[in-house]
Amino acid sequence: MTDKPLKVLHYSPVWLPLTETWLYGQVSHLPAGFENHVVCRSVKNLHQFEVPNIHCLKRESPVGYLLHRALFLAGFREGFSFFDQTAARIRPDLVHSHFGNNGWTVHKAVRRLGVPHVVTFYGQDVSRMPAVNPAWRERYREMFAEEGTFYLCEGHAMAKALAGLGCPPERIRVQHLGVPVETIRYRPRAWTPGAPLKVLIAASFHERKGIPYALEALARLKRELPVEITVIGDAGASEESREEKRKILAMIERTNLGPVTRMLGFQPHEVFWREAYASHIFLSPSITGRDGDTEGGAPVAIIELAASGMPIVSSRHCDIPEIVLDGETGWLADERDVDGLLDCLRQCLAAAPEWESILAAGRRRIESEYDAATQGQRLAGIYRQLVGAGH
């Protein structure tokens with residue numbers, strides 16, 4: 001292999017929603033020796049997520065963008081001619097598609113390029129999409145048949161789910177998402193019995209986030225001690241999300257949590273961190289939705305806040321138990337188990353004198369397994385292995 005940088009072409013339709021900051025972390029933390037290119041339909045939040053070599057259809061061909069959008073809305077999902085044109089010009093050594101459905105969109109184009117294809121699954125693509133639309137099961141099986149394609153996922157629970165869709169297990173790799181640990185200030189929280197317990201809930205309003213269960217558990221805890229709740233997040237455009245917001249507001253009203261709850265809506269990351277450092281506990285009890293929707297892996301906020309020295313109370317859902325070791329670095333309840341959540345909160349508070357050692361263990365786990373720089377090196381190793389095998 002020469003000293004020329006390896007060219008990696010990343011495909012993600014939009015670069016980059018605020019809910020996908022971890023994707024920026026993957027690209028920006030690849031070590032020297034790689035030349036990254038991003039192909040997308042449109043861009044947003046570039047002031048936060050600028051990377052070199054962004055090839056954007058909407059910027060380079062507004063008419064082409066409108067045509068592609070019309071075809072997409074008409075149900076044409078496979079193929080993206082702008083990707084083909086850009087790839088032919090760049091001649092990458094490897095293509096990395098982010099989200100399984102996007103990998104399927106370009107898998108034939110990558111086969112024509114004759115280079116390795118890495119497809120990372122992140123959540124809805126491995127859970128909700130195949131459950132709601134069985135056509136995705138067939139599409140994935142078609143993609144899984146491609147010999148030169150390898151599949152990455154956040155943890156072993158998602159790897160098992162991916163294999164259940166027909167993906168050959170020998171072509172699945174667990175690649176943890178990373179957060180920039182060196183930029184996250186470690187400040188272990190402390191709480192004194194008798195003081196108001198400040199609890200943070202931060203998530204978009206979807207059923208899989210389990211927010212109504214978190215609120216019900218806190219309403220019961222409020223009978224025992226003073227509680228102050230901060231909720232960062234809101235509903236999105238979907239009816240499912242708006243319905244979940246109605247359930248959340250109804251739970252607050254029914255349990256009389258309104259006087260002790262601040263609903264801040266969507267907020268920039270700096271506000272998220274300000275509220276996080278002002279809170280004692282992060283409560284994030286994810287569940288499997290009725291439509292099959294799951295976290296797939298785990299909420300990145302859990303990784304970030306564990307790194308900051310914040311106690312985590314969450315659930316045994318998908319790959320969360322790989323990040324939060326129950327009883328060692330945090331506390332986990334079963335899904336939809338309000339009694340279990342309340343018990344976890346009580347255990348967490350009873351352990352307040354030992355928080356410092358528990359939180360230090362949590363920080364060490366994030367440093368060793370979820371640091372963006374470390375994960376960038378590991379991802380680079382996967383790229384090199386696949387490119388080397390193809391030469």
Side-chain angles (χ1 to χ4, degrees), residues 8-30 36-59 72 80 83 95-106 118-129 151-155 158 175-181 183-184 202-206 208-209 232-238 240-241 266-273 284 286 293-305 307 318-320 323 370-373 375-376 379:
V8 180
L9 185 58
H10 299 269
Y11 174 51
S12 181
V14 181
W15 185 273
L16 192 67
L18 290 172
T19 53
E20 297 177 13
T21 57
W22 32 263
L23 206 165
Y24 172 75
Q26 289 181 62
V27 175
S28 62
H29 283 86
L30 280 169
N36 290 301
H37 293 259
V38 173
V39 175
C40 57
R41 295 195 308 256
S42 60
V43 295
K44 56 170 59 174
N45 305 305
L46 276 189
H47 63 291
Q48 296 183 61
F49 306 123
E50 183 71 66
V51 294
N53 306 315
I54 295 178
H55 309 274
C56 173
L57 173 61
K58 190 174 184 179
R59 293 196 301 192
F72 185 85
F80 181 28
F83 174 91
V95 172
H96 189 163
S97 295
H98 298 276
F99 288 95
N101 52 308
N102 298 328
W104 176 81
T105 296
V106 300
V118 174
V119 180
T120 300
F121 282 77
Y122 292 102
Q124 285 201 37
D125 48 357
V126 79
S127 58
R128 183 179 182 275
M129 290 179 66
Y151 304 93
L152 307 184
C153 54
E154 297 175 43
M158 198 196 294
Q175 169 70 15
H176 291 155
L177 295 182
V179 300
V181 177
T183 69
I184 298 176
S204 52
F205 291 176
H206 293 288
R208 71 175 182 273
K209 297 299 181 179
I232 295 177
D234 209 332
S238 71
E240 177 271 331
S241 185
F266 289 122
Q267 292 291 337
H269 221 46
E270 57 265 28
V271 175
F272 165 80
W273 278 115
S284 180
S286 298
D293 190 19
T294 70
E295 299 289 357
V300 173
I302 288 179
I303 304 174
E304 293 178 320
L305 293 176
C318 290
D319 285 307
I320 292 173
I323 300 167
Y370 298 91
D371 176 59
Q375 294 309 111
L379 182 58

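- The heavy-atom pair separating Leu177 from Ile303 by the smallest distance is O-CD1, 4.3 Å.
- When all heavy atoms of Val14 and Glu20 are compared, the pair lying nearest together is O-OE1, 4.5 Å.
- What you find for Arg41 and Cys56 is that their closest heavy atoms are O-SG, 3.6 Å.
- Within the model, atoms CG of Asn102 and NE2 of His10 stand 14.0 Å from one another, a figure rounded to the nearest 0.5 Å.
- With Asp319 contributing its side chain and Met158 its backbone, the two residues share a donor-acceptor pair below 3.5 Å.
- Listed by chain and number, the residues in a side chain to side chain contact (heavy atoms under 4.5 Å, CB included) with Ser241 are Phe205, His206, Ala235, Ser238 (sequence neighbours excluded).
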Requested in this report: Under the side-chain contact (heavy atoms from CB on, under 4.5 Å) rule, what do Trp15 and Leu46 come out as? Steps first, then yes or no, please.
Outcome: CA-CA 8 Å; Trp15 185 273; Leu46 276 189; 3.8 Å; yes
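- A distance of 7.5 Å separates OH of Tyr11 from OG of Ser97, quoted to the nearest 0.5 Å.
- In terms of the side chain to side chain donor-acceptor pair (under 3.5 Å) criterion, residue partners of His37 (sequence neighbours excluded) are, by chain and number, Glu35, His55.
- Atom OG of residue Ser284 and atom CD1 of residue Ile320 lie 5.5 Å apart, to the nearest 0.5 angstrom.
- Side-chain contact between Tyr24 and Val51: present, with at least one pair of heavy atoms (C-beta onward) separated by less than 4.5 Å.
- Rounded to the nearest 0.5 angstrom, Phe99 CZ and Met129 CE are separated by 10.0 Å.
- Taking each heavy atom of Pro180 and Ala372 in turn, the nearest pair found is N-CB, 3.8 Å.
- Between the side chain of Asp125 and the main chain of Gly123, a donor-acceptor pair closer than 3.5 Å is present.
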Query - Pair Val119-Trp104, side-chain contact (heavy atoms from CB on, under 4.5 Å): steps then yes or no - result: CA-CA 9 Å; Val119 180; Trp104 176 81; over 6 Å; no
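- Remark: Asp293 engages Arg208 in a salt bridge (Lys or Arg N to Asp or Glu O under 4.0 Å) (not counting sequence neighbours).
- When all heavy atoms of His96 and Thr120 are compared, the closest pair comes out as NE2-OG1, 2.7 Å.
- Taking the side chain to side chain donor-acceptor pair (under 3.5 Å) definition, one finds that Tyr122 meets it with Gln26, His98, sequence neighbours left out.
- Relative ring orientation between His269 and Phe272 is described as parallel, the plane-to-plane angle staying below 30° on a 0-90° scale split at 30° and 60°.
- Gln375 places a side-chain N or O within donor-acceptor distance of the main-chain N or O of His176, the cut-off being under 3.5 Å.
- At least one side-chain heavy atom of Arg59 sits less than 4.5 Å from a side-chain heavy atom of Ile54.
- Nearest approach of Gly296 to Val126, heavy atoms of both residues: CA-CG1, 4.5 Å.
- Partners of Leu18 under the side chain to side chain contact (heavy atoms under 4.5 Å, CB included) rule, at least two apart in sequence or in another chain, are Asn45, Gln48, Phe49.
- Here the side chains of Phe83 and Thr105 are not in contact, with every heavy-atom distance at 4.5 Å or above.
- The side chain to side chain donor-acceptor pair (under 3.5 Å) check on Asp234 picks up Lys245, with sequence neighbours excluded.
- When atom types are taken as modelled, the side chain of Ser286 and the backbone of Glu295 share no donor-acceptor pair closer than 3.5 angstrom.
- If you take CG on Leu30 and CG on Asn36, they are separated by 5.0 Å, rounding to the nearest 0.5 Å.
- The line from CG of Leu379 to CD of Gln175 is 5.0 Å long, rounded to the nearest 0.5 Å.
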